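What you are looking at is a predicted structure, and each value in this text was computed from that prediction instead of being measured.
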Amino acid sequence: RTKQSLNVIFSDFPSLYQTAPTKLLIITDFGEETDDEVTCLLADRLNSFPDSQCQVKFLFTTKSDRYATQKDASGRWGGAKENVASIYEKNDFLAWFDSEGDEDRIILQIGPVHEPVDKETDEHLWTWRPQLEQNYSYVVVGVFSPVAALNVAGDAMDSAKHLMQQASDKLVVDTIAGAGAFKFSAAALNELFPRKYPWKDDYGSIQEHVCKIGWRNSVGRADPFPAGKAVAHLVSKPSADGTTFEGGANYMTALKIHEDLGGD
């Protein structure tokens with residue numbers, strides 16, 4: 001439960017993709033925020049690194065009506081669209097992953113696989129329970145208890161448990177409510193994803209996407225009318241005893257930005 005453990009893992013990054021032939025299948029809700037997007041774009045580069053023995057493919061859990069848009073976004077931001085498929089549509093990614101060979105196999109789940117339930121019958125309307133014959137390791141971001149994380153919560157828990165039960169090795173990554181995650185910075189993004197155009201003309205870039213989502217998550221999504229509604233949650237403090245919260249969920253984010261910019 002420390003960020004140092006992640007630093008140790010990534011201190012010898014080439015060993016992650018040069019040591020042995022590896023098939024890496026990433027399950028992601030690409031298009032919902034920014035973490036999955038940057039992660040997938042970087043992971044896709046493992047396919048083309050010199051001396052890389054790692055093959056990476058992505059199963060998008062994005063809803064069917066938004067899948068084509070998000071796949072196009074991945075390609076526009078530098079990802080290889082041929083390495084992307086929808087979990088809801090027929091594809092050969094599981095056959096590729098489960099084919100015989102000496103490769104190590106890893107399923108990395110960074111997005112939930114929702115299996116909606118009929119409210120009247122309490123039965124799943126759709127399930128995703130792949131039956132894999134080859135041994136594989138399962139890595140999921142988000143703890144199952146005491147409070148289940150988004151990737152394994154609610155109607156996404158059964159599919160995650162299925163993947164875990166079938167796996168020969170399991171690893172649950174506790175992000176400590178974000179405290180263990182690496183931080184975004186404009187400098188890092190610009191280094192990793194060089195802009196093709198001047199900033200003012202670089203619409204649709206991954207940098208712009210990160211900025212837009214960061215702004216949305218900082219100032220909230222409230223309707224600006226009636227007047228003041230959209231900013232009330234930024235200035236409303238927690239209660240005096242600290243047991244309840246009078247403001248909105250974005251208050252601490254806005255406060256942190258205020259303090260980092262030198263505010264009292």
Smallest separation among heavy atoms of [X] and [Y], with atom names:
| X | Y | answer |
| --- | --- | --- |
| I26 | A43 | CD1-CB, 3.7 Å |
| F93 | N83 | CE2-O, 3.3 Å |
| S137 | S168 | N-OG, 4.5 Å |
| R105 | S99 | NH2-O, 2.5 Å |
| Y136 | Q166 | OH-CB, 3.1 Å |
| G31 | R66 | O-NH2, 3.5 Å |

Around atom [atom1] of [X], are there more than 12 heavy atoms from other residues, nucleotides or ligands closer than 6.0 Å?
| X | atom1 | value |
| --- | --- | --- |
| E100 | CD | no |
| D122 | CG | no |
| E133 | CD | no |

Side-chain donor/acceptor of [X] to backbone N/O of [Y], under 3.5 Å:
| X | Y | value |
| --- | --- | --- |
| H124 | E115 | yes |
| Q207 | F193 | yes |
| N91 | S86 | yes |
| D92 | A95 | no |
| S74 | G79 | no |
| T28 | F30 | yes |
| S52 | S48 | no |

Measuring centre to centre across the rings, with the benzene-like ring taken for any Trp, is W126 within less than 6.0 Å of Y88? yes
Would you say the ring centers of W77 and H209 fall short of 6.0 Å from each other? yes
Less than 4.5 Å apart, any side-chain heavy atom of L94 and any of L25? yes
Are any non-hydrogen side-chain atoms of I107 and L132 less than 4.5 angstrom apart? yes
Here's a test for you: under side chain to side chain contact (heavy atoms under 4.5 Å, CB included), which of L42, N47, L46, L41 qualifies with D44?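 The option that passes is N47.
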Same cluster (ILVMFWY, side-chain, under 4.5 Å), [X] and [Y]:
| X | Y | value |
| --- | --- | --- |
| V113 | M164 | yes |
| I110 | L192 | yes |
| W96 | L163 | yes |
| I106 | F49 | yes |
| V141 | I213 | no |

Report yes or no: is the cationic atom of K23 (NZ for Lys, CZ for Arg) under 6.0 Å from the centre of the six-membered ring of F97, at an angle within 45° of the ring normal? no
Name the residue from K170, H162, Q109 that meets the side-chain hydrogen bond (donor to acceptor under 3.5 Å, both in side chains) definition with Y138. Q109
Atom [atom1] of [X] and atom [atom2] of [Y]: how far apart are they, to the nearest 0.5 Å?
| X | Y | atom1 | atom2 | result |
| --- | --- | --- | --- | --- |
| Q165 | R129 | CD | CZ | 9.0 Å |
| L108 | I27 | CG | CD1 | 8.5 Å |
| Q134 | D98 | CD | CG | 5.0 Å |
| I206 | T34 | CD1 | OG1 | 7.5 Å |
| K63 | T69 | NZ | OG1 | 14.0 Å |
| N151 | H114 | CG | NE2 | 8.5 Å |

Check this for me: does any side-chain nitrogen of one of K57 and E82 sit under 4.0 Å from a carboxylate oxygen of the other? no
N-O pairing of D72 and K81 below 4.0 Å: yes
For K212, what residues pass the side-chain contact (heavy atoms from CB on, under 4.5 Å) criterion, not counting sequence neighbours? E208
Under the side chain to side chain donor-acceptor pair (under 3.5 Å) criterion, do D29 and T61 qualify, and how do the steps go? CA-CA 5 Å; D29 56 345; T61 66; 5.2 Å; no
Will you find, in the side chains of Q70 and E37, an N or O donor that is under 3.5 Å from an N or O acceptor? no
